[in-house]
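Protein chains get the first letters and strands the later ones, always in sequence-line order, with residue 1 at the start of each. It should be emphasised that the depicted structure is a prediction, and the values quoted were computed from it without experimental measurement.
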Amino acid sequence: MRGLKTEDRLSVDFFQRDVLEVAPALLGKQINLVCSDNSIRKFTINEVEAYRGEEDLACHASKGCTDRTKVMYRRGGCLYIYLIYGLYRMINIVTGPEGHPQAVLIRGLEEVSGPGRVSRLLGITKDYNGEELTLSSRIWITNGPDDVNYLTATRVGVEYAGEIWKNKLWRFYY
DNA sequence: TCATTGATTTCA
DNA sequence: GAAATCAATGAT
């Protein structure tokens, strides 16, 4: 019997929606990563955060389009990778249409908790910055086996962003 | 060119 | 509670 098409790579249509739609929709989806030995490993996303537009003071794009943030202004579907605290690389998935800076931070997988540990486990470095998940031959996203019920919470580490933005329930997890 | 600052993790 | 550690950003 033919099952659900769980192995299909997510396409541009999925990522071009608003970040507040895409972020919870990514829960339960799987990151497919080609390792150095050519095998494909799958990691299931279970915690994410949404960063949305120049007006969101917690979003790096609140500083405008700079060398660092320009990838967030691209069409949804590519990666935004940056170094934080000189130690950890954060993995973000750009969403929305071109010119609308948004991204989803991958905070946790079923295999590991914490955004810094996620990138360490996956071996993601800055040369993945701008990588197109819809085209890449080394990393892409596929549907998980099930839809997921999720909870929301405030984002982590954004106390500086002011009352309005630090209190947004833009963290999604299960 | 110089100083400040983090979407964090880890250890005490 | 505090250290580790550095590129981007903004001020000088």
**OP:** Would you indicate what A:Y51 reaches in the nucleic acid, counting non-hydrogen atoms under 4.0 angstrom: base, sugar-phosphate, or nothing?
**Re:** base
**OP:** If the glycosidic angle is within 90 degrees of 0 it's syn, otherwise anti, so just tell me which one B:dA7 is.
**Re:** syn
**OP:** Could you pick out which residue, A:Y88 or A:K126, lies toward the 5' side of DNA chain C when each is mapped onto its nearest nucleotide?
**Re:** A:Y88
**OP:** Please round to the nearest 0.5 Å and tell me the distance separating atom CE of A:M90 and atom OH of A:Y80.
**Re:** 11.0 Å
**OP:** Look at all strands and tell whether A:G116 reaches a base, only sugar-phosphate, or nothing, counting heavy atoms closer than 4.0 Å.
**Re:** sugar-phosphate
Original post:
Using a cut-off of 4.0 Å on non-hydrogen atoms, how would the nucleic acid contact of A:R155 be classed: base, sugar-phosphate, or nothing?
Top reply: nothing
Subject >> Result of checking A:R107, A:K168, A:R155 against A:E49 for salt bridge (charged side-chain N to carboxylate O under 4.0 Å, His left out) >> reply: A:R107
**OP:** May I ask you to say what A:R120 touches in the nucleic acid, namely base, sugar-phosphate or nothing, with a heavy-atom cut-off under 4.0 Å?
**Re:** sugar-phosphate
**OP:** Would you indicate whether the side-chain heavy atoms of A:W140 and A:I40 approach each other to under 4.5 Å?
**Re:** yes
Original post:
Testing A:I139, A:V94, A:N32, A:V12 for side chain to side chain contact (heavy atoms under 4.5 Å, CB included) with A:L133, which one passes?
Top reply: A:I139
Original post:
Can you check the A:M72 CE to C:dA8 C1' distance for me, whole Å?
Top reply: 13 Å
Subject >> Residue mapping more 5' on DNA chain C - nearest nucleotide basis, A:Y85 or A:T69 >> reply: A:Y85
Original post:
Do the side-chain N and O atoms of A:S62 and A:E54 include a donor-acceptor pair separated by under 3.5 angstrom?
Top reply: no
Original post:
Can you tell me how far the OH atom of A:Y51 sits from the CH2 atom of A:W170, to the nearest 0.5 Å?
Top reply: 10.5 Å
**OP:** Return the nucleotide paired to B:dA7: Watson-Crick means purine N1 to pyrimidine N3 with N6-O4 or O6-N4, wobble means G-U with N1-O2 and O6-N3, both under 3.5 Å.
**Re:** none
Subject >> Check: A:N92 and A:L79 side chains under 4.5 Å, non-hydrogen atoms >> reply: no
Original post:
Centre of A:Y128's six-membered ring, under 6.0 Å away, within 45 degrees of the axis: is that where NZ or CZ of A:R138 sits?
Top reply: yes
Got a list of protein N/O to nucleotides 10-12 of chain C N/O distances below 3.5 Å?
none

**OP:** Would you indicate whether A:R17, at its atom CZ, is surrounded by more than 12 heavy atoms from other residues, nucleotides or ligands within a distance under 6.0 Å?
**Re:** yes
Subject >> Watson-Crick or G-U counterpart of C:dT5, or none if no pair lies under 3.5 Å >> reply: none
Original post:
Paired with C:dT12 by Watson-Crick or G-U wobble geometry, both distances under 3.5 Å: which nucleotide is it?
Top reply: none
Original post:
Contact boundaries of DNA chain B with chain A (under 4.0 Å, heavy atoms), 5' to 3'?
Top reply: B:dG6 to B:dT10
